[in-house]
Amino acid sequence: MRIARFSIDGNVAFGAVEGDGPDGLVLDIIKGIPYSEFELSGTKVPLNKVRLLPPVLPNKVVAIGRNYAEHVAELGNEVPDVPVAFFKPTTSVIGSGDAIEYPSFSDEVHHEAELAVVIGRMCREVPRERVKDVIFGYTCANDVTARDAQKREKQWARAKGFDTSCPLGPWVETDLDPGDLAIQATVNGEQRQLGRTSDMIRSIEDLIVHITEAMTLLPGDVILTGTPAGVGPLHVGDEVAVTIEGIGTLTNKVIKRG
């Protein structure tokens, strides 16, 4: 099931996305929130009549760096002995169709297409055999990065945590095998990244076990799983799209911060 979060007439709700093609999609409004058992209301609205919001409002976004070997190599780094984890704040999260605001402290902003895991229940110290039980679903993400700031600052907080640096969407797909999905990024329609989730150095199971050894994850929290090779620059006026097989396409324009 594809579950979107949206606003219409000033109201915010979750809905199940039904239909095919951009003009045939409708939202069946969900009663309540989707992390526990829920019912569909039967009230349907066309997708093109609503504003899509970030599909979740995470308490935290835990991101993983250097999890695809070719990406590690293209930036001249070594494969880490353990997963490299960092946080992106909630203020960095935007939805499909929202603008990425080019930060004033950077001259080199890059796109990074990623598969995002959405957590469905509170969990800590999750054993490998229970990982699937804590996953709500999957969505597309763009770990937008101020590469020059990342290079000159020992911490990545500003480089990867600036406002609008974490586009998520367009919705969460709850019925998906993430083991071998095509993941692509385009800029102004030109392909920049093309990889497969099967090329991850460490699996989703590895990452969730590793993260929950240290911290509790809450419903709606998001894990970014790393990016394949092909990262590159974004400029004001560009349109960047992240497409993941079985999920959909996350699209954002880059604007000058006002």
Side-chain angles (χ1 to χ4, degrees), residues 52-58 60-77 80 84-116 139-170 183-195 200 222-244 247-258:
L52 282 179
L53 301 173
V56 291
L57 282 180
K60 53 187 169 293
V61 177
V62 186
I64 301 297
R66 301 173 184 173
N67 199 32
Y68 286 76
E70 290 185 2
H71 172 60
V72 173
E74 74 178 342
L75 294 184
N77 297 311
V84 175
F86 58 94
F87 292 107
K88 293 176 82 81
T90 56
T91 48
S92 69
V93 175
I94 59 174
S96 189
D98 292 336
I100 298 167
E101 297 182 357
Y102 206 104
S104 58
F105 60 85
S106 176
D107 295 313
E108 187 184 3
V109 171
H110 283 194
H111 57 81
E112 294 192 6
E114 308 206 8
L115 175 69
T139 192
C140 305
N142 192 345
D143 176 20
V144 184
T145 302
R147 192 71 69 201
D148 47 356
Q150 184 187 26
K151 291 174 182 176
R152 68 175 176 256
E153 299 176 9
K154 293 183 179 181
Q155 295 287 338
W156 295 357
R158 295 201 326 146
K160 288 179 170 286
F162 61 88
D163 290 353
T164 73
S165 67
C166 189
L168 299 174
I183 178 169
Q184 174 184 250
T186 63
V187 177
N188 303 324
E190 177 185 348
Q191 182 176 290
R192 292 276 190 86
Q193 292 180 269
L194 183 62
M200 288 183 192
V222 170
I223 297 171
L224 306 188
T225 58
T227 193
V231 301
L234 293 172
H235 304 285
V236 172
D238 285 346
E239 182 175 85
V240 56
V242 174
T243 301
I244 299 180
I247 300 176
T249 300
L250 165 69
T251 304
N252 302 93
K253 291 272 293 189
V254 182
I255 66 171
K256 183 178 180 180
R257 178 175 288 182

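Just so you know, these numbers use all the heavy atoms, side chains as well, and skip hydrogens, waters and symmetry mates.
- Looking at heavy atoms from C-beta onward, Val240 lies out of side-chain contact with Thr251 at the 4.5 angstrom threshold.
- Smallest separation of non-hydrogen atoms from Gly237 and Lys253: O-NZ, 3.4 Å.
- No side-chain heavy atom of Thr145 sits less than 4.5 Å from a side-chain heavy atom of Val109.
- In terms of heavy-atom proximity, Pro170 sits nearest to Thr139 at N-OG1, 4.2 Å.
- In this structure, Asn142 contributes its side chain and Glu112 its backbone to a donor-acceptor pair below 3.5 Å.
- Here CG of Leu53 is found 7.5 Å from CG of Asp98. Values are rounded to the nearest 0.5 Å.
- Here CD of Glu114 is found 11.5 Å from CG of Leu250. Values are rounded to the nearest 0.5 Å.
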For Lys160 and Ser165: C-alpha separation, side-chain torsions, deciding distance, then whether side chain to side chain contact (heavy atoms under 4.5 Å, CB included) applies. CA-CA 7 Å; Lys160 288 179 170 286; Ser165 67; 5.7 Å; no

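- In this structure, Val144 and Thr164 have side chains that are not in contact, with every pair of non-hydrogen atoms separated by 4.5 Å or more.
- In this structure, Val61 and Cys166 approach most closely via the heavy-atom pair CG1-SG, 4.2 Å.
- Using a distance-only test at 3.5 Å, with no hydrogens or angles considered, a donor-acceptor pair links the side chain of Asn67 to the main chain of Thr225.
- Listed here is the closest heavy atom pair of Phe105 and Ala149: CE1-CB, 3.9 Å.
- Pairs engaging residues 231-242 under the side-chain hydrogen bond (donor to acceptor under 3.5 Å, both in side chains) rule: Asn188-Asp238 [sequence neighbours left out].
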With side chain to side chain contact (heavy atoms under 4.5 Å, CB included) as the criterion, how do Ile100 and Ile94 come out once you've worked through the C-alpha distance, each side chain's angles and the decisive distance to 0.1 Å? CA-CA 8 Å; Ile100 298 167; Ile94 59 174; 4.1 Å; yes

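- Of all the heavy atoms in Pro228 and Ala113, the pair that sits closest is CD-O, 3.4 Å.
- Note that the CZ atom of Arg152 and the OG atom of Ser106 stand 6.5 Å from one another [nearest 0.5 Å].
- You'll find the side chain of Val242 stays beyond 4.5 Å of the side chain of Leu115, heavy atoms only.
- Each of Pro103, Ser92, Pro89 was evaluated against Phe162; a single residue qualifies, Pro103, per the side chain to side chain contact (heavy atoms under 4.5 Å, CB included) test.
- Tyr68 OH to Ile183 CD1: the interatomic distance, rounded to the nearest 0.5 Å, is 5.0 Å.
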How far apart are the C-alpha atoms of Glu153 and Arg158, what are their side-chain angles, what is the distance that settles it, and do they pass the salt bridge (Lys or Arg N to Asp or Glu O under 4.0 Å) test? CA-CA 8 Å; Glu153 299 176 9; Arg158 295 201 326 146; 2.8 Å; yes

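- Nearest heavy-atom pair across Thr90 and Pro58 is CG2-O, 2.9 Å.
- No side-chain heavy atom of Val62 sits less than 4.5 Å from a side-chain heavy atom of Leu224.
- Checked by atom type and distance alone, the side chain of His111 pairs as donor or acceptor with a backbone atom of Gly232 at under 3.5 Å.
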Could you check Val254 against Glu101 for side chain to side chain contact (heavy atoms under 4.5 Å, CB included), going step by step and ending with a plain yes or no? CA-CA 6 Å; Val254 182; Glu101 297 182 357; over 6 Å; no

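- Using a 4.5 Å cut-off on side-chain heavy atoms (C-beta onward), Leu234 and His110 make no contact.
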Is there a side chain to side chain donor-acceptor pair (under 3.5 Å) between Gln193 and His71 once you walk through the steps? CA-CA 10 Å; Gln193 292 180 269; His71 172 60; 5.9 Å; no

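- Proximity of Arg192 to Pro233: side-chain heavy atoms (C-beta onward) are separated by under 4.5 Å at one or more points.
- Between Arg257 and Tyr102 the shortest side-chain heavy-atom distance does not fall below 4.5 Å.
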